[in-house]
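Below is one structure, written out as structure tokens; the observations come after it.
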Amino acid sequence: MAVPDASKVRVRIAPSPTGFAHLGTASTALYNVLFGRANGGTFVLRIDDTDVERNRPEYELVIYESLHWLGLDWDEGPDKGGPDGPYRQSERLDLYKEHAARLLGEGKAYRCYCTPEELDAERKQAQAEKRPYKYSRRCLTNPPSGRPEFTVRFKVPGGEVKFTDMIRGEMSFDADLIGDFIIVKSDGYPTYNFASPVDDAAMKITHVIRGEEHLSNTPYQLMLVDALGYTRPVAYAHMPLILAKDGAKLSKRKHPEANLALYREQGYLPEALINYLALLGWNPGTSQEIFTFDELLRAFSFDRVQHAGARFDWEKLNWINGEYIRRLDDEELTRRLRPFLPNLDEATIRRAVPALKTRLTKLADAADLLDYLWTDPAPPELDPDSVESIRAAVHALNGVPWEPEPIHDALMQVVEESGAKPNKIFMPIRLAVTGKKISPPIDYTLALLPQDVAMSRLQRAIGGPA
RNA sequence: GGCCCCGUCGUCUAGUGGACUAGGACGCAGCCCUCUCAAGGCUGAGAUCGCGGGUUCGAAUCCCGCCGGGGCUACCA
């Protein structure tokens with residue numbers, strides 16, 4: 001979508017450090033970066049830490065790490081600074097207080113002394129009478145006295161609130177249905193719907209790109225923007241939600257796949273995750289599935305973003321990740337595999353890489369495939385034929401140069417002499433050496449092991465020297 | 001309950017009134033390749049386009065109603 005005016009595009013994400021970094025944060029960040037970069041804009045990271053109860057400073061670091069890992073770097077943020085800092089809402093309290101005071105002074109907001117219990121009772125009664133709930137405005141006309149604690153409520157002007165959503169088009173909400181809502185909590189902190197538009201305005205955010213859960217928050221925020229005399233953002237974009245397999249919104253509690261750290265631990269490539277996330281809720285209109293970041297940048301546009309939530313699907317992610325792994329050159333795969341194979345030296349990993357490449361859906365799988373290199377498998381139960389096969393193999397392998405090709409030739413000799421199918425000979429060897437029925441081709445499997453180790457495992461399997 | 005968003009193969013989706021016997025991808029099944037497992041190649045199954053009414057010569061596409069899912073309705077964001 002074209003940018004309507006000449007002013008510099010500024011986008012932002014505003015995660016809350018209330019738990020591990022969320023998949024949705026990555027997705028929102030991606031779309032912000034895609035739109036921001038394509039329009040030569042600035043990407044701002046703001047930390048929305050106004051929930052004193054749930055905030056934890058260490059989670060802020062987790063957010064940084066996850067975003068860096070994905071390559072979604074920001075231009076301004078708490079750690080980098082920038083012209084519109086500070087970028088942590090907990091450090092901008094004075095700003096919100098000023099704005100609240102202004103609203104109070106102009107009669108656009110008022111103090112509310114109602115207790116949570118009283119509010120709850122109001123709400124319950126409305127529900128019992130089957131009438132839509134709106135705050136009664138008791139404290140606007142007739143506030144109780146002698147109560148030290150108060151919140152600040154915005155006096156909702158009502159009317160129709162319209163705005164442009166780059167995905168859904170022209171939106172319109174009836175603000176007469178919205179009750180006076182709280183903008184400053186009794187602890188002095190602003191609520192989300194107050195701090196967010198104030199900061200977006202102060203930070204000159206031109207395009208607000210966020211999850212769909214904020215669609216109905218937008219009229220709240222726009223009324224505040226208007227009341228404060230700020231100019232509204234040029235446009236919004238409310239992205240479809242990422243749903244869990246069961247169709248529910250991805251929650252940190254119920255769905256482990258919401259945790260961004262999981263993908264790094266499992267060995268998903270950041271570029272593969274990005275690719276998958278881009279395709280969740282957006283499509284290029286062509287059959288292309290694999291994109292470099294630059295291709296994404298060029299292809300992305302909000303008018304091809306889906307309106308409905310999309311379910312997260314491990315299978316598709318696995319396939320994309322496998323595609324990316326297969327496209328890595330051997331050197332690069334070796335490098336990326338290193339943290340996942342702490343028991344192996346780099347040379348061994350490098351030798352294993354060609355066989356690994358087509359067998360990995362994620363890097364962590366490599367350990368399952370190669371663990372026979374650092375752990376002795378239990379000797380297998382073998383029938384007499386298998387014992388015979390291994391005995392013949394031990395003879396044939398004796399003194400053979402320890403490389404896949406000579407090993408292969410020697411073993412094929414055994415196969416031919418036995419007149420049996422190759423599998424009859426190879427499977428017992430595989431079992432004896434790896435303890436598993438599945439491995440890369442037997443010659444590679446053997447060659448990766450030091451010759452003496454391989455030979456002793458074979459001998460042990462047949463109960464002594466051949 | 002009220003307001004808002006949404007509804008095409010199991011999943012992600014193409015589709016904007018006739019080229020739709022509804023296309024692609026993942027997954028699934030079969031075959032080929034093959035020492036096992038993958039990767040790769042080929043083939044196939046899989047969608048009464050949520051349901052019911054309209055409009056039209058003609059509807060997945062337009063209109064209405066219903067149903068279903070999700071979001072907001074918090075001193076969470």
For Leu279(A), answer base if it contacts any base atom (sugar-phosphate contacts may also be present), sugar-phosphate if it contacts only those atoms, and nothing otherwise; contact means non-hydrogen atoms under 4.0 Å. sugar-phosphate
Given the C1' atoms of A39(B) and U34(B), what is the spacing between them in whole Å? 12 Å
Can you find a donor-acceptor pair, distance only, under 3.5 Å between Arg168(A) side chain and C5(B) base? no
What do you reckon, are the aromatic ring centroids of Tyr236(A) and Phe163(A) less than 6.0 Å apart? yes
Side-chain N,O (His307(A)) to OP1/OP2 (C6(B)) below 4.0 Å: yes
Distances under 3.5 Å only, N/O to N/O: pair up the protein atoms with those of nucleotides 75-77 of chain B.
{"residue": "C75(B)", "atom": "O2", "partner": "Ser186(A)", "partner atom": "N", "Å": "2.8"}
{"residue": "C75(B)", "atom": "O2", "partner": "Ser186(A)", "partner atom": "OG", "Å": "2.6"}
{"residue": "C75(B)", "atom": "N3", "partner": "Ser186(A)", "partner atom": "OG", "Å": "3.1"}
{"residue": "C75(B)", "atom": "N4", "partner": "Cys114(A)", "partner atom": "O", "Å": "3.3"}
{"residue": "C76(B)", "atom": "OP2", "partner": "Lys185(A)", "partner atom": "NZ", "Å": "2.9"}
{"residue": "C76(B)", "atom": "O2'", "partner": "Asp51(A)", "partner atom": "OD2", "Å": "2.8"}
{"residue": "C76(B)", "atom": "O2'", "partner": "Arg54(A)", "partner atom": "NH2", "Å": "3.0"}
{"residue": "A77(B)", "atom": "OP1", "partner": "Thr50(A)", "partner atom": "O", "Å": "3.4"}
{"residue": "A77(B)", "atom": "OP1", "partner": "Thr50(A)", "partner atom": "OG1", "Å": "2.7"}
{"residue": "A77(B)", "atom": "OP1", "partner": "Lys185(A)", "partner atom": "NZ", "Å": "2.6"}
{"residue": "A77(B)", "atom": "OP2", "partner": "Tyr192(A)", "partner atom": "N", "Å": "3.0"}
{"residue": "A77(B)", "atom": "O3'", "partner": "Ser16(A)", "partner atom": "OG", "Å": "2.8"}
{"residue": "A77(B)", "atom": "O2'", "partner": "Ser16(A)", "partner atom": "OG", "Å": "3.0"}
{"residue": "A77(B)", "atom": "N6", "partner": "Asn217(A)", "partner atom": "OD1", "Å": "3.4"}
{"residue": "A77(B)", "atom": "N6", "partner": "Asn217(A)", "partner atom": "ND2", "Å": "3.3"}
{"residue": "A77(B)", "atom": "N1", "partner": "Asn217(A)", "partner atom": "ND2", "Å": "3.3"}

Non-neighbouring partners of Pro256(A) that pass side chain to side chain contact (heavy atoms under 4.5 Å, CB included), sequence neighbours left out: none
Indicate, with a heavy-atom threshold strictly under 4.0 Å, whether Glu315(A) touches base, sugar-phosphate, or nothing. sugar-phosphate
Arg111(A) NZ/CZ over Phe150(A) ring centroid, <6.0 Å and within 45° of normal: yes
Atom C1', compared across C6(B) and C12(B): separation rounded to whole Å: 16 Å
Is the His214(A)-Tyr192(A) ring centre distance short of 6.0 angstrom? yes
Ring pair (Phe, Tyr, Trp, His ring centres under 6.0 Å) partner of Tyr64(A), the single match among Tyr87(A), Tyr59(A), Trp74(A): Trp74(A)
Going by the ring pair (Phe, Tyr, Trp, His ring centres under 6.0 Å) test, name the single residue among Trp314(A), Phe312(A), Tyr268(A) that passes it with Tyr276(A). Phe312(A)
